[in-house]
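Read through the structure below, which is laid out as structure tokens, and then see the notes.
Naming convention: chains lettered A, B, ... in sequence-line order (proteins, then strands); numbering from 1 in each chain.
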2 protein chains.
Amino acid sequence: MNSQLRKQKILAQLAAAGEVDTKMLAQEFNTSEITIRRDLHQLADDGMLCRTHGGAIKITPLEMPHNFSNKAAVNQVAKDNICRKAAAQIKEGDIIFMDCGSTVFRMCQFIKNKRIKVITNSIPVLYELQNSQVSLNIIGGEFDSERQAIHGKMAEEHIRSYHATKAFIGVDGISSHGLFAHSEKEAAIALALATQSDYTYLLCDAGKIGKASYMKFADVDLVNAIITNADKEELKFCKKKGVKIISTE
Amino acid sequence: MNSQLRKQKILAQLAAAGEVDTKMLAQEFNTSEITIRRDLHQLADDGMLCRTHGGAIKITPLEMPHNFSNKAAVNQVAKDNICRKAAAQIKEGDIIFMDCGSTVFRMCQFIKNKRIKVITNSIPVLYELQNSQVSLNIIGGEFDSERQAIHGKMAEEHIRSYHATKAFIGVDGISSHGLFAHSEKEAAIALALATQSDYTYLLCDAGKIGKASYMKFADVDLVNAIITNADKEELKFCKKKGVKIISTE
DNA sequence: TCGTTTTTGATTATTTTTGATCAATATAGA
DNA sequence: TCTATATTGATCAAAAATAATCAAAAACGA
């Protein structure tokens, strides 16, 4: 069986069952698990499925969950260090954009006592900050209940009515080729937020570096700084483009 | 079953039932309780649910807005009748505005199975309708924690980007002098919603008739129809202005 | 047929997930 | 308020899964 046909069959099974299992596929196609993993990896890069530990799941019609990657591990301490560093960039009176990613959400615990204004498309962020010193604005538009976030043309338009001193965004991958996302919706929001702010920070753990997903949405220099736990060496390509590296190490 | 799929299923159950139980999930997924607890912990970290002792609950507004408190069962029944009537004015495909008042909120229970689009500035409405047939848009702007609603200049501006077939609003009082509100913020939103829709319904129980609050924000003919449990006689002044009366009596 | 490219699979070190254990904490009931 | 019971999550180890590396096999095209 050739690899193209095998991938077609994987997608057909996925469409039917909603999920596929690496081990079971290997048995069924009489091939090795590593071969199946490669297939799944390629299909995920092409945006055809969502990779999970041990297999893959179907992309939901509205949105793609975050792909699993074996090197994606970030313990909470490292992630929190990134967020603490991010919070330290904020001073009283700032107006900041926050996108709907999980890392950005974790910033909330560190900014509750700052007298700032937060503009966000994330309902969890809204909820987390509502009884704090922070003044809140929500971006209007289409509500996505899976992500508990607001997206869409209306949202992008609304963002254009705002201007922030700083924006905090996350991406699904970053390489010398640029910034990558799985979701066009989130990419569009991140782009709009960066465009409408004076200074944009990318919160990016080590696991996301060197990863190219199916959708490049911007060049690395869309952002002004990257806050990361990664080795600076890994981000040399960003420095070359004038992007500042803020390391937690 | 892999962990990511399991988390998705947990969220789906949570969306459907409002709460989940650790022990039951462990049995259902044929896994250990500690595994479920980890899942729940991770989901809570991402802001997707609220952990409880023995399980988790759906994130709902921290508190219902202060003006949502029920006075008497009679009032409640009357309001429900008004809302039922209001819901009956909606047909498939409608795009409707809903404001952040308590009476309008009560409409939610009657419209969950309509294939319509709702545009609202109310967070409780958002939460109530998010797992229904209704497609949701939220109006962006300043978040008011007390009212769990979105107000302000930005909100008014954003409303102007929309156009709805119908708007459903409430007021604090109505008399021959016009429509009254306690809050300038809410008045401005109601005004904007009415202006941007083809047909505006005012939901108004008998207790509000003849009441003039501190702020008149519009003439009675801002709205096209009033849905009420009051005696039609009491609203003669509206008929004179060409406002249709839809009675629940 | 032959050289080149692509695909495959084994190996191995690394990463992720899982479950048992147990002390600490929370809850329920008298 | 106190006591008994239920639940929790840190810790640790085992199991499962992963993908980089390398070499071999298969496929492809001139």
Exercise. Side-chain donor-acceptor pair under 3.5 Å between A/Asn229 and A/Thr248, yes or no?
Worked result: no

Exercise. Would you call A/Glu156 and A/Lys153 a salt bridge, using N to O less than 4.0 angstrom?
Worked result: yes

For this session: Write down the distance between CE (B/Met24) and P (D/dA6), rounded to a whole number of angstrom.
Result: 17 Å

Exercise. Checking side-chain contact (heavy atoms from CB on, under 4.5 Å) against B/Arg6, which of B/Ile36, B/Leu11, B/Leu25 comes through?
Worked result: B/Ile36

Exercise. Angle class for the A/His158/A/Tyr162 ring planes (parallel below 30°, perpendicular above 60°, tilted otherwise)?
Worked result: perpendicular

Exercise. Is any side-chain N of the basic residue among A/Arg147 and A/Asp144 closer than 4.0 Å to the acidic one's carboxylate O?
Worked result: no

For this session: Go through the side-chain N and O atoms of B/Gln42 and B/Lys7 and say whether any donor and acceptor fall under 3.5 Å apart.
Result: yes

For this session: Indicate whether any N or O donor in one side chain lies under 3.5 Å from an N or O acceptor in the other, for A/Glu146 and B/Gln8.
Result: no

Exercise. Whole Å only: how far is the NZ atom of A/Lys7 from the C1' atom of C/dT8?
Worked result: 13 Å

For this session: Please report, rounded to the nearest Å, how far the P atom of C/dT18 is from the CD atom of B/Gln42.
Result: 9 Å

Seminar exercise, completed: In whole angstroms, the gap separating C1' of C/dT15 from CG of A/Asp205 amounts to 14 Å

Exercise. Please give, in whole Å, the distance from C/dT8 P to A/Asn2 CG?
Worked result: 8 Å

Seminar exercise, completed: From the candidates C/dG19, C/dT8, C/dT18, the one with an atom nearest any side-chain atom of B/Ser3 is C/dT18

Exercise. So does A/Thr35 get a side-chain nitrogen or oxygen closer than 4.0 Å to the phosphate oxygens (OP1/OP2) of C/dG9?
Worked result: yes

Problem set entry | B/Ser32 side-chain N/O to C/dT18 phosphate OP1/OP2 under 4.0 Å | no

Exercise. Looking only at side-chain N and O atoms, does A/Thr31 come under 4.0 Å of OP1 or OP2 in C/dG9?
Worked result: yes

Exercise. When you check the side-chain N and O atoms of B/Gln13 and B/Glu19, is any donor under 3.5 Å from an acceptor?
Worked result: no

For this session: Kindly calculate the angle separating the two end axes of the helix from C/dT1-D/dA30 to C/dA30-D/dT1, each obtained from five base pairs, and round it to 10 degrees.
Result: 50°

For this session: Give a yes/no answer on whether the side chain of A/Arg6 brings an N or O atom under 4.0 Å of OP1 or OP2 in C/dT8.
Result: yes

Seminar exercise, completed: Heavy-atom contacts, protein to nucleotides 9-18 of chain D, under 4.0 Å, summarised as B (base), S (sugar-phosphate only) or - (none) per nt, yield B-B-----SB

Exercise. Going from NE2 on B/His41 to CG on B/Leu49, what distance comes out if it is rounded to the nearest 0.5 angstrom?
Worked result: 11.0 Å

